[in-house]
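Input: a single structure, listed below in structure tokens.
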Amino acid sequence: MSKIDCVAMLLAGGQGSRLGVLTKSLAKPAVQFGGKYRIIDFTLSNCHNSEMDIVGVLTQYRPLELHSYIGIGSHWDMDRRGGGVFVLPPFARDQGGEWYKGTADAIYQNINFLELYQPQQVLILSGDHIYKMDYSLMLEYHRDKQAAVTIGVIEVPWEETHRFGIMSTNGEGRIVEFQEKPSKAKNNQASMGIYIFDYAVLKDYLRRDAEDTATSHDFGKDIIPRMVAEQQKAYAYPFNGYWRDVGTVESYWEANMDLLAERPELDLYDTSWRIYSENLNLPPHYIANGSSVKCSIVSEGSQLYGNVDHTVVFPDVYVAPGAQVKDSVLLPHVRIREGVVLDHVIVGPNTVIEAGSIISEQETNICEDAALKKYSGITLIGADKTIAPALSGAKK
Amino acid sequence: MSKIDCVAMLLAGGQGSRLGVLTKSLAKPAVQFGGKYRIIDFTLSNCHNSEMDIVGVLTQYRPLELHSYIGIGSHWDMDRRGGGVFVLPPFARDQGGEWYKGTADAIYQNINFLELYQPQQVLILSGDHIYKMDYSLMLEYHRDKQAAVTIGVIEVPWEETHRFGIMSTNGEGRIVEFQEKPSKAKNNQASMGIYIFDYAVLKDYLRRDAEDTATSHDFGKDIIPRMVAEQQKAYAYPFNGYWRDVGTVESYWEANMDLLAERPELDLYDTSWRIYSENLNLPPHYIANGSSVKCSIVSEGSQLYGNVDHTVVFPDVYVAPGAQVKDSVLLPHVRIREGVVLDHVIVGPNTVIEAGSIISEQETNICEDAALKKYSGITLIGADKTIAPALSGAKK
Amino acid sequence: MKRMMGIINLYNSKDLLWELTRGRPLAAVPFAGRYRLIDFTLSNMINSGITNVGILMQGNFRSLMDHLRSGKEWDLARKREGLYFLPPVTGINVENGFPNDLSAFQSNLDYLQNSRQSHVVISGCSMICNLDYNYGLAFHQEKGADITVAYKEMGDLDSYPYSSMLGLDEDGRVRDIEINPVRARYRNLFLEMYIIEKKLLMELVDSAVSRGGTNFLRDAVMKNLDKLKIYGIHYQRYVAHLMSIRSYYRHSMELLRPEVWRNLFFANGLIYTKIKDEAPTKYNDSARVSNSLIANGCIVEGTVENSIIFRGVKIHKDAVVKNSIIMQKSEIGSGATLENMICDKDVRISAGKCLIAEPHYPMVISKGSLL
Amino acid sequence: MKRMMGIINLYNSKDLLWELTRGRPLAAVPFAGRYRLIDFTLSNMINSGITNVGILMQGNFRSLMDHLRSGKEWDLARKREGLYFLPPVTGINVENGFPNDLSAFQSNLDYLQNSRQSHVVISGCSMICNLDYNYGLAFHQEKGADITVAYKEMGDLDSYPYSSMLGLDEDGRVRDIEINPVRARYRNLFLEMYIIEKKLLMELVDSAVSRGGTNFLRDAVMKNLDKLKIYGIHYQRYVAHLMSIRSYYRHSMELLRPEVWRNLFFANGLIYTKIKDEAPTKYNDSARVSNSLIANGCIVEGTVENSIIFRGVKIHKDAVVKNSIIMQKSEIGSGATLENMICDKDVRISAGKCLIAEPHYPMVISKGSLL
């Protein structure tokens, strides 16, 4: 096997429990997003567009749908000879198997995969974010700086700095201090969880980290602070585009809504940086007489007879005459019956909302049950449910 | 997803520790066999040729090479829409992950995969055997008999019955008694580890077995005996062709040698039942002037200048002038230098045997080290080694 | 199990789609927002379990090959069988001077011979429907037919000039065939689909060519009406017969009826086509859309009524598109008005332009035009 | 990174491989035990990082399309770019009456236009070698050339009748070209490979066609020798030039020299071809084989000397095959003797038959013959 410049390792094992029922039966990277995509499509499309030809995807939590979705990467045109996408679940060795204990441990357990390629650099990614980024530019930056590690950073609002790993850099972009989720941040440059390591350095730190029983085996908490402390050449690579962690129901809803702006920050229609995804072979969607569809994105196979405003409509969704859907996300195969009113609702795949149901921030006439959960004003309804109005139109 | 007749589940998690260094870095089903193939090729080609369109492959031990080898089943032309090959490693759930505890447990942990397809029947296979079998005929038999479970059986010599699950049947083929590895067998009909279950029955027994803490969660040890005891309609399906477990170094060597017979029982040249495998894109092999090659099979890219007799030669093997190779198996990329004598030797991938080395049953002139191990007359040499004669030609 | 193979015959005797088939074969004409005509024939075959399909290519078929490529989207990129392109005969084999389907069949007899299946489904590309050939095969075998041909009984004869029609007896046996009459005498529109045993097909082709034949239907089938048991099977559901710009337009507009949409896209399986990886379609605040079919990848800021919009179309603010068909990647400038128009691929209509054709007599704007 | 696209030009002015190109284009002629000629050109392109390849098809190309299918084996089954079949021009576009490469180029100018790459590598299929076009591109840019052409200096002029030769000045600039002379005046064999900027190619093609040109080399290149800076790059390693049965045979036999074998199959990357899923080759007790290349899937029970045996060949007991080339799936009966023969695909030689041709004047037994 020939020597490869850079291998990407995509951490896709997260359970994403803060996404509620959306991750009940699938891993977070496999959650649908943006009217057609799954969250991991963005990172994998970035890899393809950045000509990162070899990508290991580390999975752990409920990977069935994720594995069969990823396959050998055909959706992203990455089923290439001698390259492509490799799914790397935890596995058993002579002495039995071990689950991944942390992000660093996950990479360490798959060091034999990296050894196959002997790359110059290793790009560490997570499958949890919505963004478009050219990793090859970051790789160039890393090489220009002759860095040991380069961390992708983005400016975040000062009041959110406590949620991130925060970098302080000198004039050349070299990291002089690293604070993991600080209560009092010295800076607002946050780590995006994107790292480029020189492979030799990475191996060394992973080995030492593995021997250390006191660590949590995490890049942000353990490896990076140690490298900064040991004066390794760690650089920050500033990224200015759209970047969202969709780790909570609220942020998932917001990132979907972001796509509906008149000029969205994230342009899905730019053919020079396509976001690839599965294609379902459904006919064009149908918008009926008497309906009104605006400020929305709508996918193939859907049939809209009612009013759809500021809403993300996935494939094969049906909205009956007289229904009103606003500020919502309708996942694939959802059925919205006559006269339904939805406002700020995320409806899971295959769910049916029966005629007359009203679900909004102000008012609802359905029984609140396990299928339905509220997150600061947004109602999340799980997959494969049937929701009907309560017999005595309950008011809240 | 449409209702599927039969889904195959292939148990490929075995470590295969009795294969010595052959399974040092890969799972047993991924071990090379027969000059070109890997062990799992036989079962997967059987699936393709039997039109079993959906195959779940359950992996556990060192699956990297196996996973990337299987991919989405393109080698076996099984990368079909809505079907194909799905790799199923152990995975984490909400309450953490569990490793497969036994064959039945492995299937039970993947019941959600079977639930996707709701098959009529489930075919359970293992990836450890060399044989050609039309599973669709067995499925037909199962349906004709309206069986709850059908077990593939083969006659074994009476003296080997203690190694197998042994079936006693009535005139119609119905199993009336099942002995797991009996010291005193009542019959010589041995289970091949191939089962067809009605899915409803399988689910029921797996569920009950999972709740039972006293079992080893194994089909042969627990599920089948329990079904026979509970008078379920269990039938034996007799198979008459070539069938070998290649679980030990000796049986691996023998099964390779079987291919060299004038008329081998296992016909690799029958185009109506092809065994599919990876293809390496190497040129035709070259047999030089002055060499002698007979009773052997030779694969692409090899260059033979010496004498090769009754030997299996994998791709890209080099045998230098004056070398003598007999009754041996040369795995891919092996280099045999001038004057080497090999007799009853299995040489692992990429290994170099330096000039003048002599390794045979009777005599050897090389230091015996960890790289080399003897199994009743057969010498096994691991991968990526360099073997040279000892300075003082040691005699045994 | 797999008893049928498919042949798609791209030779069509009459092509009245003029403007749309200038730079492409009929089979590659875009239809229904995201498909090409051949997608329907091909999808019917694969949805009927056929995994071996040969295409008798004709004319300038580059756009068709670009579309089909490996056959992967139709699950026909296989190690064994799959999709075979059977290019036109050149040189020595064309005894009768011009390319024709009979000699195309003849020069591919070896392909037929080498295929494992016993029966052949032959179909053209201008009859658009969603059907299962297994019903045809069952009928074929029940009747003990030599050839089974599919037809649809039509209400209105006048709508189908230049179509082939079948004359049937009470038993459903074909007793007469009219090929492309100006005014038909029978009501049974021939759907250009045959089921026939492979051996008989090979025999009929060879025999007809050796007697100077050039047209499969006329010389291999019609001339044997008395000798062979040819039965018609009635297909009851929706069929669009695309043989003129008017019928193309009329059938496109029929897709806006939800029962036609459902029937054509879902009746017996999905219709597969080339994947384009387009984003979902985006409607802005000013979008006003009604009774329209809209494919992925569009950006709609204007008004769209009773129209079919293909993938990647942009309709700018204050543009009005009515009763029109706008093909892939076209762009309608702000304030432009289109009525009763068919815009081929990559057409750009400048801001403020107004193009209005007569109802039922649509105008075609050719591929790549900039108006 | 990806600056080059590839065009494989299947129009060849002189084809002297008669017996082997009767039922197939030159590009599909089997060579070296498991390949077709086009595999070498295609593999060189992909091994040089080219991912967009158009093939100017000519003649009866069904066998070629069967061979290439989706392009998957060459890693060219891609969503973007990959393998494009550019079929021959029919009808209106052939102004000059017969199919020719210049009009083929011209009718595919839109394909060139739509491609992202700035440079085009053009190659034929009759020059077999293993090279990296990136060296050519570096040379091209260093020289500031308009066109770079590859050549090899030959020792023996007499061996290359009907080849095109280049006359070069000291600087390596091409000053004269001879197309297929009976007796060459220059020693520099033109390898039928060009590197040229895409824009210039499009300009040259259009300009030559509009002046009545039909031959790319003659009318687009040679006529511009004075105006354009055309440089020759010398390819030093092994080249097999297959332009007659004798040269086909001679170059096949050269493959038995290990340094040629290594050079052609490994120098700059592997040569890819269609996968056949054959088992390894089996030698029985009575097999006697020396100095031979043998592909997978064969069963050898007889004697094979100085020969090239393709995939799936059976050589029965006591058969003797010497100095011969036996193509795919042929079968040599027990006791038969073949010397100095070329058996095309699927030939069956009955038991005991004896066929011996003169050394260096091999006889060809055509595809599918039963002797």
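Reminder, nothing fancy here: chain letters follow the sequence lines and each chain counts from 1. What you see is a predicted model; the values in this text were computed from it and never measured.
For the side-chain contact (heavy atoms from CB on, under 4.5 Å) with C:Lys282, the lone residue among A:Val298, A:Ile297, A:Leu268 that qualifies is A:Ile297. Partner of C:Tyr283 under the side-chain contact (heavy atoms from CB on, under 4.5 Å) criterion, chosen from A:Val313, A:Ile287, A:Asp309: A:Ile287.
Side chain of A:Arg274 to backbone of C:Ala279: no donor-acceptor contact under 3.5 angstrom is found.
Of the atoms belonging to C:Ile294, heavy atoms from both backbone and side chain fall under 4.5 Å from chain A. Proximity to chain A (any heavy atom under 4.5 Å) is restricted, for C:Ala32, to the backbone atoms N, CA, C and O. Interface residue A:Tyr305: only side-chain heavy atoms are found under 4.5 Å from chain C. Proximity to chain C involves both the backbone and the side chain of A:Ser291, based on heavy atoms less than 4.5 angstrom apart. With a threshold of 4.5 angstrom between heavy atoms, A:Leu259 approaches chain C through N, CA, C or O but not through any side-chain atom. In this structure, chain A has no heavy atom under 4.5 Å from any part of C:Arg257. Residue C:Phe310: no heavy atom, backbone or side chain, is found under 4.5 Å from chain A. In this structure, the portion of A:Gln303 lying under 4.5 Å from any heavy atom of chain C is its side chain and not its backbone. Of the two parts of C:Leu264, neither the backbone nor the side chain holds a non-hydrogen atom closer than 4.5 Å to a non-hydrogen atom of chain A. With a 4.5 Å cut-off on non-hydrogen atoms, C:Phe265 touches chain A through its side chain but not through its backbone. Residue contact with chain C, scored on non-hydrogen atoms closer than 4.5 Å, is absent for A:Pro315. For C:Lys276, the part lying near chain A is the backbone, with the side chain staying farther off; criterion is any non-hydrogen pair under 4.5 Å.
Nearest heavy-atom pair, C:Phe266 versus A:Pro283, reported as atom, atom and distance to 0.1 Å: CZ-CD, 3.7 Å.
With a 4.5 Å cut-off on side-chain heavy atoms, A:Asn279 and C:Ile275 count as touching. Between A:Phe314 and C:Pro280, the closest side-chain pair of non-hydrogen atoms is not below 4.5 Å. Residues C:Leu270 and A:Leu282 have side chains in contact (heavy-atom distance under 4.5 Å, counting atoms from C-beta outward). Between C:Tyr35 and A:Pro284, some side-chain heavy-atom pair lies under the 4.5 Å cut-off. Looking at heavy atoms from C-beta onward, C:Asn284 lies out of side-chain contact with A:Lys294 at the 4.5 angstrom threshold.
Between chain C and the residues A:Ala288, A:Gly35, A:Gly301, the most heavy-atom pairs under 4.5 angstrom are made by A:Ala288. Heavy-atom pairs under 4.5 Å with chain A peak, among C:Ser292, C:Ala287, C:Gly33, at C:Ser292. Of the listed residues C:Leu255, C:Val304, C:Leu256, C:Ile308, the one with more heavy-atom pairs under 4.5 angstrom with chain A than any other is C:Leu256.
A tilted orientation is assigned to the rings of C:Trp261 and A:Tyr286, their planes being inclined by 30° to 60°.
Crowding of C:Lys329 atom NZ: a count of heavy atoms from other residues, nucleotides or ligands under 6.0 Å not exceeding 12.
Between the NE2 atom in A:His285 and the CG atom in C:Asn296 there is a gap of 7.5 Å [rounded to 0.5 Å].
Here A:Lys36 does not pair with C:Glu278 in a salt bridge; the nearest charged N to carboxylate O distance is not below 4.0 Å.
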